[in-house]
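Okay, so here's the structure we're looking at.
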Protein chains: 2
Amino acid sequence: MHLVRDPDAETALTFLQESLKGLQDGRGQVLQVVGDCRVSYQGRAQSTLLRGERLVLLKPDGTLLIHTSAKAKPINWQPPGAQFHAALEEGEVALTAYRPKPEEMVKIVFHRIDLLLAFPLHDAADLALIGSEDDLQRILFENPDLVEAGFVPQRRERDSKRGFYDLDGRDATGRRLIVEVKRTTAGVQEAQQLWRYVEGLDSARGILIAPSVAPKARALLASHNLSWKELDWNEILPRIEHMRRGGQTGLERYG
Amino acid sequence: MHLVRDPDAETALTFLQESLKGLQDGRGQVLQVVGDCRVSYQGRAQSTLLRGERLVLLKPDGTLLIHTSAKAKPINWQPPGAQFHAALEEGEVALTAYRPKPEEMVKIVFHRIDLLLAFPLHDAADLALIGSEDDLQRILFENPDLVEAGFVPQRRERDSKRGFYDLDGRDATGRRLIVEVKRTTAGVQEAQQLWRYVEGLDSARGILIAPSVAPKARALLASHNLSWKELDWNEILPRIEHMRRGGQTGLERYG
DNA sequence: CGTTAGATGTCGGTT
DNA sequence: AACCGACGTCTAACG
């Protein structure tokens, strides 16, 4: 790990250029700069940010993050794929992150640098996430009564001419039933999506499954004779864990 | 700025607890830990992440970020509002971030700590962004010919029973025209939204304005007699800058 | 508070 | 490469 505190501009430039060389070579170092800077962005939109103290991260995959002392999202950033470049501009250190597609550039000019840091971050682990919409779909497919008594599922994730829908099958009477699944509160958008699927079919029913359904969405569903059902994740999560364990999906106990 | 390299667990714990005290008191220090850790999350969903080297940031507003060496998004996180706590667990440093609403918790257990860092990030600057959908709407309102020759805009951002639409007015023949605006490529969803607005009205036309319109969206628009127009941001951005400058919106030149 | 719609969304999958 | 939809989306605005 390389570390420099309160470097002057020339020292910082040397450090950054050396580190960027290593970063490009795939040695996988993360580069960090803390200091007083101003930022400009031009690309899908454009922005300027006047002087202030920020934390800047450059990842070996070409990700740039500029964080202030608040909020989860960076104030400025560049997604993976950017090329970094450091230079001196009128005595100040200028750091650019250029991304060709879409063409966009973030430029940081440092008025003062408090800290330079370069360190490796080796990580072979994958995130094991439980509770995605896909999980929910799977559980509903395996436990169709959670959708509706007598529901017989047939397919998941079918492409239809009007778009995708999540699940379909036959209800207790043998009538076609389209199921729209949402892992969080369902809004008008999801209700509209279901409506769109169902109206394009002949005499099919539609049902929206979500932990909660927003008032406007309910109104829309009701006015188009669509059903909905709220379910509790607390009822679902154990089933997913059980399924994963049974299926040897390799979710180890965390400890 | 406080900095410790390769601390043992007890040193790290003391550092973290001291720093967290300051962080809670509103002194506004950002706390950073680099090291080998495992992470678990439980809340809106749940996840586990086995050992690996990561960069952990704790912001004074209660934001937690856990970054690996790739991607723009953190592998785990907590949005603003979390309460941090540090403790020893079987000789290892455990850091938790608890958020009451929605109730969720991230727990990090460090097997090894390479770096501890606490530093202030003072920042009074606001991001000046050009190119939002709101900007686009405003420009279309002020330059209605960009929508369609002879268009006379009347209202922006009206709430309708079917949702919101962006702009409406009268076309050259006096017929009502609903305008849907998107700052990026418009897809089926946006076309669908416009269709829903327009079909609920009597003899109104609809037009979708976006930098590009996806094929499926075009098909849907065409089949429902809706119009669309692709516009170039390069044509719009200068107008916005001009408008802002004229309107004294205070977007200074960056330099 | 909850609800809603925008975002430089980011990201992964599929055509 | 473009298109499409999920996301622990996050975030600001509004009722």
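Chain identifiers are assigned alphabetically (A, B, ...) following the order of the sequence lines, protein sequences preceding nucleic acid strands; residue numbering begins at 1 within each chain.
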[X] [atom1] - [N] [atom2] separation (whole Å):
X        : N      : atom1 : atom2 : result
B:Arg218 : D:dA2  : CZ    : C1'   : 13 Å
B:Leu127 : C:dG9  : CG    : C1'   : 14 Å
B:Lys182 : D:dC4  : NZ    : P     : 11 Å
A:Asp134 : C:dC11 : CG    : C1'   : 15 Å
B:Gln189 : C:dG9  : CD    : P     : 16 Å
A:Lys73  : C:dT10 : NZ    : P     : 8 Å
B:Arg99  : D:dC10 : CZ    : C1'   : 10 Å
B:Ile130 : C:dA7  : CD1   : C1'   : 17 Å

Of B:Glu103, B:His85, B:Gln83, which meets side chain to side chain donor-acceptor pair (under 3.5 Å) against B:Tyr98? B:Glu103
Do the side chain of [X] and the main chain of [Y] share a donor and acceptor less than 3.5 angstrom apart?
X        : Y        : value
A:Glu180 : A:Leu194 : no
A:Asp135 : A:Ser132 : yes
B:Asp61  : B:Pro80  : no

I'd like to know if [X] reaches the base of [N] with its side chain such that a donor and an acceptor end up less than 3.5 angstrom apart.
X        : N     : value
B:Asn76  : D:dG8 : yes
B:Glu104 : D:dG8 : yes
B:Gln46  : D:dG8 : no

Consider the side chain of [X], meaning its heavy atoms from C-beta on, and name the nucleotide among [options] that approaches it most closely.
X        : options               : value
B:Lys216 : D:dC4, D:dA6, C:dT8   : D:dC4
B:Val106 : C:dT3, D:dG8, D:dC4   : D:dG8
A:Ala45  : C:dT8, C:dT4, D:dC4   : C:dT8
A:Pro79  : C:dC11, D:dA6, D:dC10 : C:dC11
A:Arg196 : D:dG5, C:dG9, D:dC7   : D:dG5
B:Asp166 : D:dG8, C:dG6, D:dC4   : C:dG6
B:Thr184 : C:dG9, D:dC3, D:dC4   : C:dG9
B:Lys101 : C:dG2, C:dT8, C:dT4   : C:dG2
A:Ala72  : D:dC4, D:dT11, C:dC11 : D:dT11

For A:Lys71 and A:Glu133, take the nucleotide of DNA chain D holding the closest heavy atom to each; which residue's nucleotide lies nearer the 5' end? A:Glu133
5'-most by nearest nucleotide on DNA chain D - A:Glu180 or A:Arg183: A:Glu180
Side-chain ion pair, B:Arg176 and B:Asp168, N-O less than 4.0 Å: yes
In terms of side-chain geometry, is the basic nitrogen of B:Arg54 or A:Asp123 positioned less than 4.0 Å from the acidic oxygen of its partner? yes
By nearest heavy atom, map A:Thr185 and B:Val181 onto DNA chain C; which one lands nearer the 5' end? A:Thr185
Which whole number of Å gives the distance between the P atom of C:dT4 and that of C:dT8? 22 Å
Gap in Å between the two C1' atoms, one belonging to C:dG6 and one to C:dT10, rounded: 15 Å
Would you check if there is a donor-acceptor pair between the side chains of A:Lys73 and A:His67 at a distance under 3.5 Å? no
Compare side-chain N and O positions of A:Trp77 against OP1 and OP2 of C:dG9 and report whether any pair is under 4.0 Å apart. no
Hey, is the side chain of B:Arg44 poking within less than 4.0 Å of OP1 or OP2 on D:dC10, counting only N and O atoms? yes
How would you label the contact of A:Pro102 with the nucleic acid (heavy atoms, under 4.0 Å): base, sugar-phosphate, or nothing? nothing
